[in-house]
Number of protein chains: 2
Amino acid sequence: MQNNDLNLLKELRLKLTPQRLAIIEYLKGNKNHPSAEEIYNALKDRFPSMSFATVYNTLEVLVEKGLIKELSIDSSKKRFDPYTHPHHHFICKACGKIVDVEASFEIFIPESLRDFQVEDFQVVFTGVCPECKKE
Amino acid sequence: MQNNDLNLLKELRLKLTPQRLAIIEYLKGNKNHPSAEEIYNALKDRFPSMSFATVYNTLEVLVEKGLIKELSIDSSKKRFDPYTHPHHHFICKACGKIVDVEASFEIFIPESLRDFQVEDFQVVFTGVCPECKKE
DNA sequence: GTGCTGTATTGAAATAGTCCTAAAATAATA
DNA sequence: TATTATTTTAGGACTATTTCAATACAGCAC
C-alpha cells in the first residue's frame, strides 16, 4: 500500500478502513480477475470478522469511482480487474481461467453503431490455454 | 415453426415436446438476447404448468447441440442468442440492452497468445444507446 | 485527547439465478 | 396399444449477491 493510494482514497472522500485498504491492496497488481469470494477468502485470516457485505460494498464503491473494473466475462459470477487501462482477455473454455491480452487493436466503429455513443470496446478471445491443451 | 426445425430436432434425436418447440420458436429470429426468465415468462401463458427446469434443460441441450449460443456478456444472468454465426455486440451501460453488431473485424492474434489454442473472438462495445442518449 | 457525526461494517436474512432430484408424464418405437 | 427411454414437473438446494438494522468506528472540531 503506497501513500498515493491513501491520498487517492482521501480525494474520493472514502474512509480509510482497514478492510478497505486490505481489499485495495489485494487487488492492486492482481492479474487473476478475482471474484468477491476469492477476495473474501484471501483476507478472512487477517480479518476474521469481515463480512461478505463489506467486500461487495467496497467493490461497488471502487467500481463507481473507476479504480477497478467489473468484468462480465464469466456468467456465473462477477470478477474484478484492477487494470483499468484498455486491454483485452482470453478465456479458457476448459478451466475458465481469464488471461490478460495486452495488444491494442485497430477497430473501426461499424456504420450500424452510427447513432450510438461508443465509449469502449473489449475483445474476448476464447479457446484452450496451454495447460489445458496438454490434457 | 417450420418443418426443417422438426427435422433438425429429429436428427439430433431430441423428442419433440410442445415445450421444446415453443422455446425454439420463441428463440428463432429473436434479437433480444433473452434470459431464461424472459423465455419462461413469454411462454407461461401458453404452458401454465411449465417448469423453470424445463427452460434450463432445453437451453442446455440447445447450446450443446450448437443451435444457440450462451452469452457471457451480462454478469447478472445468462443470456441466449439464436444467432450462431460470428457476430459481435454492443451493450448499453444505461439500460443494459444488448444489440447485435454485424460487422466483421480483422483481428490479429497477438504474440502473447502464441501457445494458446484460440478458437474464436468476440468484440463487445460499451456505451450508451440512442434511446438512453436522449435522456 | 474527547466527543460528535456520518459513514462503514457486521451478521443475518432476503432475493435472484441456476441446478438437482425423484416421481409422474409422455414422445417415439415396435 | 404396450413398452421404454426421455422429458417434464414441483419443489427444494445451492450459489452469488443484496438488503437491512444494529453496532462500530474514521474523520473532524473542539
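As the structure is a computational prediction, the values presented were derived from the model and not from experiment.
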- Item | Electrostatic pair B:E25:B:R46 at N-O distance under 4.0 angstrom | yes
As a test of reading the structure: which of [options] is closest to the side chain of [X], going by heavy atoms?
{"X": "B:Y56", "options": "C:dG17, D:dT18, C:dT10", "value": "C:dG17"}
{"X": "B:L16", "options": "D:dT7, C:dA27, D:dT17", "value": "C:dA27"}
{"X": "B:M50", "options": "D:dT7, C:dG17, D:dT9", "value": "D:dT9"}
{"X": "B:N57", "options": "D:dT7, D:dT8, C:dT18", "value": "D:dT8"}

How long is the line joining [atom1] of [X] and [atom2] of [N], in whole Å?
{"X": "B:E38", "N": "C:dA16", "atom1": "CD", "atom2": "C1'", "answer": "14 Å"}
{"X": "A:L59", "N": "D:dT19", "atom1": "CG", "atom2": "P", "answer": "15 Å"}
{"X": "A:R46", "N": "C:dT9", "atom1": "CZ", "atom2": "C1'", "answer": "16 Å"}
{"X": "A:R20", "N": "C:dT10", "atom1": "CZ", "atom2": "P", "answer": "11 Å"}
{"X": "B:F52", "N": "C:dT15", "atom1": "CZ", "atom2": "C1'", "answer": "13 Å"}
{"X": "A:D74", "N": "D:dA16", "atom1": "CG", "atom2": "P", "answer": "10 Å"}
{"X": "A:Y40", "N": "D:dT17", "atom1": "OH", "atom2": "C1'", "answer": "14 Å"}
{"X": "B:L12", "N": "C:dA27", "atom1": "CG", "atom2": "C1'", "answer": "16 Å"}

Does [N] have its OP1 or OP2 closer than 4.0 Å to a side-chain nitrogen or oxygen of [X]?
{"X": "A:K78", "N": "D:dT18", "answer": "yes"}
{"X": "A:S51", "N": "C:dT9", "answer": "no"}
{"X": "B:Q19", "N": "C:dT26", "answer": "no"}

- Task: Assign each of B:A36 and A:F47 to its nearest nucleotide of DNA chain C by heavy atoms, then name whichever residue's nucleotide is nearer the 5' end.
- Result: A:F47
- Item | Closest-nucleotide 5' rank along DNA chain D - winner of B:T17 and A:S76 | B:T17
- Of B:P18 and A:E37, the one whose closest DNA chain D nucleotide lies more 5': B:P18
- Measure the acute angle between the ring planes of A:F108 and B:F105, then classify it against the limits of 30° and 60° as parallel, tilted or perpendicular. tilted
- Can you say whether the rings of A:H33 and A:H89 are parallel (under 30°), tilted (30 to 60°) or perpendicular (over 60°)? perpendicular
- Answer with base, sugar-phosphate or nothing: what part of the nucleic acid does B:E60 contact at a heavy-atom distance below 4.0 Å? nothing
- Would you indicate what A:K15 reaches in the nucleic acid, counting non-hydrogen atoms under 4.0 angstrom: base, sugar-phosphate, or nothing? base
- Item | Between B:E102 and B:H85: side-chain donor-acceptor atoms closer than 3.5 Å | yes
- Inspect the surroundings of CD in B:E64 and state if more than 12 heavy atoms from other residues, nucleotides or ligands are less than 6.0 Å away. yes
